[in-house]
Amino acid sequence: MDALCLSVSPSSAPSPQALLHSFNSPWELKQLHAHLIKSSVPLSSLPLPRVAAVCGPSPAGFPYAHRILTIVQGPASTTSLWNSCLKALAEGDSPSDAILLFYRLRDLDVLPDTFTCSFVLKACTKLLDLENGRIIHGYVEKLGLRWNLFLENMIVNLYASCGEMGDAEKLFDSMPKRDTVTWNTMITQSLKRGYTDKAHSYFTRMPERSVRSWTAMISGLAQCGKHEEALQLFRKMKGTDLRPNEVTVVAVLAACAAVGSLDLGREIHEFSDKSGFTKNTHISNTLVDMYVKCGCLEEALKVFNAMEERTIVSWSAMVYGLAMHGKGQEALSLFDQMVRMGVRPNGVTFVGLLHACSHMGLVDQGREFFAEMIRDYGMNPNIEHYGCIVDLLSRAGHLKEAREFIKNMPMEPNEVVWGAFLGGCAVHKNIELAEEATEHLSQLDPHNDGYYIVLSNIYANAKRWEDVARVRRLMRSRGVKKTPGCSTITIDGEVHRFVAGDLGHDGAEEMSQRWEVLLGKMKSRGYVPNTSVVLLDIEESEKEKFLYRHSEKLALVYGLINTRAGTTITIMKNLRVCQDCHEALKVASEVTSREIVVRDRNRFHLFKDGICSCGDYW
DNA sequence: GACTTTAGAG
């Protein structure tokens, strides 16, 4: 019956309880206060936490609220109310108000406890506010709260987060007691700054390691680019009785994706299913990315389709994945589907889309997307998007337009932008523009050899040997060393690495023989070694020998010897595939009746029946 | 009596 009454008169006067909550500013509270006095309602019926929350951040409201709290609670027990207020501020989006409120408390002689300090320290850490952090640190010591491990750990973390590793270490060394959190903090922060040796040292010195300790190491190493080290550590972790949690799994999957370690990735997938982790969006997103980067588009789609909830990260990963695998059309229609479902794309989504257009040579479509992100989504394209457009235009041979586009960019073009332009110049054999690009690149990224190599390839292609030699001298005089091409192939969970030109590994003799046989068959199917990519001015027959040194060919031969007939061969390469290897792999897929998957720096190539999925446009 | 610390995806 009560419910009925309520629904009949929805506009009846608010309940007294609701009235007591009805203030949103110190001023409204004062009015309410007056009303309470008139109707002799005791002050203690006010919701005190709300009084603190509404008035605390306001300079004028604070002393007023403090008076109310002191009247009702007595002077001693207002701290916890202020604490809840500080917590809300520190964890919300106004951590700087938390710091201001802390100082007001101090000025009114409200005695802070460990919780008070912890919230304001959190605020300082979030803001990377070293100056206030130091003051609070001093305050904590003055209050005699130094023995509190919670606070001590937070202060260590604060210094390290603000980039003061020295102070963090000094404090760490002086601590009479440390717990796992203390050590974990040092590990995480060391790795964030790339000090892997330091992190290792903390990790081995700590008396006891938790799941989070292992996870911090694995995830941090992966973020430093030490993916294989991360995976090694994970294998060690499996030997302990600790169980990986969701965060561990994300880190390991990311490392698998980087290395292309499909077997381990699959194993982790199974483990995630069994542990019920797969419903976690973070995990599924990383699984999608792992399968994409390990060459299993089908399985990536399977995970993506099975997801109950997709975020923009999931969609972007899938769009990018399709583009990477040469399924540009599918990437675009997946994007359409996403938009129709009302999901708003972000900057990363557009990077994937622009890549898709670039790989397919869809110049107009790409331009349209670029315009769309500005016009329809009000986004500010960043340098990565500009780089994509330069790539799109130059690959398609619109070199003049690309050059104009670079000139009109609102920011300074970086090495990625010029690198994309140079790539286009190489494909379309424009020596003059390539020279200009290299000029910029040698300033922007002087230690990267790739650009010099591309330029000298262009010269070699035009048989301008004196220029080839000049570039090589230039490299030598500038101390630029060639990054060797490197390919890996995983067989039975073991990663085999081949470096260009390294013929000194086990089984080299057998491999070389196998290559000769394969080469014979390939030539009879029309393969002509493309020696123009060899930099040296030597006899053609000699150059052919150099071509076999390319790492993807070595990996291919190794794969052919060590896998059963018919098995797909998957190769991961650190650089782009050269033209000759691309031709060779096409023909090899035909004569050996194998599918060959190659992941290069940019994308996947699936060689099958003499054809590559990239349509020779890469 | 409870409220506080370390980590994760495209």
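Just so we're on the same page: letters track the sequence lines, and every chain starts at 1. Reckoned from all heavy atoms, side chains included, excluding hydrogens, waters and symmetry mates.
The NZ atom of A:Lys122 sits 11 Å away from the C1' atom of B:dT6 (whole-angstrom rounding). If you measure from atom CZ of A:Phe234 to atom P of B:dA7, you get 21 Å, rounded to the nearest angstrom. Put simply, CE on A:Met338 is 12 Å from C1' on B:dG10, counting in whole angstrom units. For the pair A:Glu152 CD and B:dT4 P, the interatomic distance rounds to 19 Å; values are reported in whole Å. Rounded to whole Å, the distance from OH on A:Tyr202 to C1' on B:dA7 is 18 Å. Taking atom NZ of A:Lys126 as the reference point, atom C1' of B:dT6 lies 16 Å away to the nearest angstrom. Rounded to an integer number of Å, the gap from CG of A:Leu89 to C1' of B:dC3 is 15 Å. Distance, A:Lys192 NZ to B:dT6 P: 10 Å, rounded to whole Å.
Counting distance only, with no hydrogens placed and no angle test, the side-chain atoms of A:Asn245 and the base atoms of B:dA7 include a donor-acceptor pair under 3.5 Å.
In this structure, A:Asn346 reaches the bases: a heavy-atom distance under 4.0 Å links it to at least one base atom across the strands shown. Within 4.0 Å of A:Thr286, counting heavy atoms only, lie sugar-phosphate atoms of the nucleic acid but no base atom. At the heavy-atom level, A:Asn280 lies under 4.0 Å from base atoms of the strands shown. Within the 4.0 angstrom heavy-atom criterion, no nucleotide atom of any strand lies near A:Leu287. Residue A:Tyr320 is out of contact with every strand shown, counting any heavy-atom pair closer than 4.0 Å. Nucleic acid contact class of A:Asn157 (heavy atoms, under 4.0 Å, all strands): sugar-phosphate only.
Closest to the side chain of A:Arg212, from the set B:dA7, B:dC3, B:dG8, is B:dA7. The side chain of A:Thr185 lies closest to B:dT6 when the candidates are B:dT6, B:dA2, B:dA9. Distance from the side chain of A:Ile312 is smallest for B:dG10 among the nucleotides B:dG8, B:dG10, B:dT4. Distances were taken from every side-chain heavy atom of A:Phe119 (C-beta onward) to each of B:dT4, B:dA2, B:dA7; the shortest belongs to B:dT4.
Classification of A:Lys279 and A:Glu309 as a salt-bridged pair fails, no side-chain N sitting under 4.0 Å from a carboxylate O. With respect to the salt-bridge test (charged N to carboxylate O, under 4.0 angstrom), the residues A:Arg340 and A:Asp336 do not qualify.
Side-chain nitrogen and oxygen atoms of A:Gln223 include at least one within less than 4.0 Å of the OP1 or OP2 phosphate oxygen of B:dG8.
By the 5.5 Å and 30° criteria, A:Phe115 is not stacked with the base of B:dT4.
A:Ser94 places no side-chain N or O within donor-acceptor distance of the main-chain N or O of A:Ser96, the cut-off being under 3.5 Å.
Between the CZ atom of A:Phe203 and the CG atom of A:Leu191 there is a distance of 10.5 Å, given to the nearest 0.5 Å.
Listed by chain and number, the residues in a side-chain hydrogen bond (donor to acceptor under 3.5 Å, both in side chains) with A:Arg193 are A:Gln189 (sequence neighbours excluded).
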Between A:Tyr159 and A:Met165, does the side chain to side chain contact (heavy atoms under 4.5 Å, CB included) criterion hold? Intermediate values first, please. CA-CA 7 Å; A:Tyr159 282 134; A:Met165 260 327 247; over 6 Å; no
